[in-house]
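Worth saying up front: this structure is predicted, and the values here are computed from it rather than measured. Letters A, B, ... mirror the listed sequences (proteins, then strands); counts begin at 1.
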Protein chains: 2
Amino acid sequence: MARRTYGQYCGLARALEFVGERWAMLIIRDLLVGPRRFTDLQRLPRIPTNVLSARLREMEANGLIRRRVVPRPASGVVYELTDYGAQLEPILLSLGAWGARALRDPTEGEVITPDSLVIALRATFQPHAAPPRLVSFELRCGPAVVHCVVDHGELAVTDVGPLPGADAVIETGPALRRLMAGEVAPEQALADGLVRVCGDAELLDRFVEMFHIDSLPVSQGVLEQARAGAATVHAG
Amino acid sequence: MARRTYGQYCGLARALEFVGERWAMLIIRDLLVGPRRFTDLQRLPRIPTNVLSARLREMEANGLIRRRVVPRPASGVVYELTDYGAQLEPILLSLGAWGARALRDPTEGEVITPDSLVIALRATFQPHAAPPRLVSFELRCGPAVVHCVVDHGELAVTDVGPLPGADAVIETGPALRRLMAGEVAPEQALADGLVRVCGDAELLDRFVEMFHIDSLPVSQGVLEQARAGAATVHAG
DNA sequence: CTGGATCCCTCACGATACTG
DNA sequence: CAGTATCGTGAGGGATCCAG
C-alpha cells in the first residue's frame with residue numbers, strides 16, 4: 001500500500017487522499033474562480049513553493065487539474081480544473097458556508113483574497129432571495145474587489161474585468177461578515193461607517209438578503225473553544 | 001496568529017482548520033453513524049492513539065463533537081456529534097460520492113469498515129430511484145454487515161441491531177463497487193458468483209438502481225495517474 | 001519576470017509501549 | 001476501557017537560488 005494513504009476502501013478516504021492534504025482545497029478554491037498561474041497561486045496564501053509544486057503535481061496526476069501552456073500574448077503556464085476537479089465546486093461551497101458560520105471578526109494578520117471573496121459570495125448565495133430583475137454591483141472588501149451580476153436567480157461573480165453600468169458599488173471591510181450574518185442591520189452599518197454605498201443605496205438591503213451566513217448558536221461552536229481555553233489557562 | 005492556521009479570513013479556510021487535519025473527517029464519518037467510544041474509533045482505521053486523542057480534543061474544543069460519560073449499564077465515555085458537527089453530513093456524503101467515482105478495485109490491504117459501508121450507502125442513495133413500497137435488506141460486504149430500510153424515498157441504514165423480516169440478504173465483497181458503478185450487470189454478477197442473494201432475488205436489481213456510483217470518463221482521473229506514473233518510470 | 005528546485009529546520013504524524 | 005508517554009521519520013514552513 002502506498003504511503004500517506006488511509007488503507008480504507010471508501011469513497012471519502014479516497015477523496016481525502018486526493019484533496020485532503022494541506023493546502024489542496026485552497027488551491028482548488030482559487031482554481032474554481034479561473035485558471036491560475038503558479039505565481040498567482042503563490043501570491044496570497046503563504047504557501048511554500050515546494051508544497052504548492054507538490055500539490056499541483058499530485059492533483060494533476062490524479063486528474064483533478066490540468067497544466068496548460070498558454071501561447072503567445074500571455075505566454076506562460078496555467079493550471080485549470082478538469083471536469084472531475086470542477087465537480088468539487090458545490091462541495092467546497094457548502095464546506096465554506098459551514099465554516100463561515102464559525103467565523104468571528106478577523107484576527108490579526110488574517111487576509112481576504114479576491115478569490116476567497118468570490119467563493120464566499122458563491123457559497124452564501126440564496127437563490128430564493130434573488131430579485132427577479134437584473135442586479136449588478138461591485139463589492140470592495142479591503143483590497144479585494146469583485147464584480148457581481150444576479151439575473152433570474154443566477155449568480156455570476158468574478159474578480160476581473162470592468163462592470164459597465166453597475167447599479168452600485170459597495171465598499172466595506174471585514175464588517176462584511178457581520179452584515180451577512182445579520183449581526184448588524186444595513187442601516188446601522190451605514191450609520192456607523194462600516195460600509196459605504198455609491199449608487200443605488202437600497203441595493204445593500206438586497207445584498208444582505210441574497211448573501212447570508214447562518215448564525216451559530218452560542219451554546220456551541222467557537223465560543224466553547226474560548227471558554228475551554230480560558231478554563232485551561234485558569235486551571236493551568 | 002495561531003500556528004497551523006491558514007491566515008485567511010475565509011469560511012473554507014476556517015472549515016479546514018476544523019476538519020482539514022489528517023484523520024479528522026474520517027472520525028466525523030464514523031460519528032455520523034452513531035456515538036462511538038475511543039476504542040471503537042481506534043479499531044479499524046489504523047489511526048495512532050495519540051493522533052486520535054488530539055483530534056478528539058481539537059474537535060471538542062471547536063464545538064464539533066461532545067464527550068459524554070455514559071452511566072450504568074454500558075459505563076464509559078462516548079463521543080458524539082454536536083448539531084454543528086452533524087451538519088457536515090451532506091458535505092461528507094457528497095465528498096464521499098465524488099471520491100467513490102475514482103475508486104477501482106481495492107488494492108492489497110485496503111479494508112471495508114461497517115461505518116464506511118453505512119456512509120457509502122447514504123452517499124450513493126438515489127431517492128428518485130427508490131421504490132414506493134417499503135424495502136428492507138441486509139448487506140454483507142466481507143466482514144461488514146449493515147441493515148437497510150427504504151420507505152417513501154427515505155433511507156435508514158445502520159450497522160447494528162436485528163432486522164426482522166428483511167426482504168433479502170445480499171452477500172458480496174469488493175465487487176459491490178462494480179455493481180454500483182454499472183460495470184457489471186446484476187445477473188452477470190450472480191452468475192459469476194460475485195454476489196449471492198438470499199430471499200427476494202429481484203431486490204438486487206432494485207439495489208443497483210437505488211445506490212449508484214457515476215462512472216468517471218477514462219479520459220481523466222486515476223487512469224491518467226497510471227499513465228503519468230508509467231511515463232515517469234519510463235523517463236526516469 | 002515566471003516557474004519552479006533546493007536546503008534546512010521544526011513539528012506533526014506514525015508506531016509502539018505503557019498506565020490509571 | 002481510555003487514554004498518556006516516548007521516540008523516530010518525514011511532511012510542512014520559510015528562505016534562497018537557478019533556469020528559461
Among D:dG13, C:dG14, C:dC13, the one nearest any side-chain atom of A:Arg22 is D:dG13
A:Phe38 has its side chain closest, among C:dG3, D:dG3, D:dG13, to C:dG3
If you check every side-chain atom of A:Val51, which of D:dA11, D:dG13, D:dT16 has the closest atom? D:dG13
Starting the side chain at C-beta, find the nucleotide from D:dG12, C:dG3, C:dA12 nearest to B:Arg55. C:dA12
Please determine, for the side chain of A:Arg67, which listed nucleotide (C:dG14, C:dG3, D:dA2) has the closest atom? C:dG3
Between A:Asp115 and A:Arg122, is there a salt bridge with N-O shorter than 4.0 Å? no
In whole Å, I'd like the distance from the CH2 atom of B:Trp23 to the C1' atom of D:dA11. 16 Å
For a quick check of understanding: with a heavy-atom distance under 4.0 Å over all strands, which category does A:Ser53 fall into, base, sugar-phosphate or nothing? sugar-phosphate
Hydrogens and angles aside, do B:Gln8 and B:Arg14 bring a side-chain donor and acceptor to less than 3.5 Å of each other? no
Identify, between B:Ala54 and B:Thr49, the residue whose nearest nucleotide on DNA chain C lies closer to the 5' end. B:Ala54
What is the distance from CZ of A:Arg37 to P of D:dG20, rounded to the nearest Å? 19 Å
Nearest-Å distance, CZ (B:Arg57) to C1' (C:dA12)? 13 Å
Of the nucleotides D:dC1, C:dC13, D:dG13, which one has an atom closest to the side chain of A:Arg4? C:dC13
Basic-acidic side-chain contact under 4.0 Å: A:Glu80, A:Arg67: no
Taking atom types as they are modelled, is there a donor-acceptor pair under 3.5 Å from the base of C:dG14 to the side chain of B:Asn50? yes
Assign the ring pair B:Phe18 / A:Trp98 to parallel, tilted or perpendicular, where the plane angle (0 to 90°) is split at 30° and 60°. perpendicular
With a 4.0 Å cut-off on heavy atoms, is B:Gln42 in touch with a base, just the backbone sugar-phosphate, or nothing at all? nothing
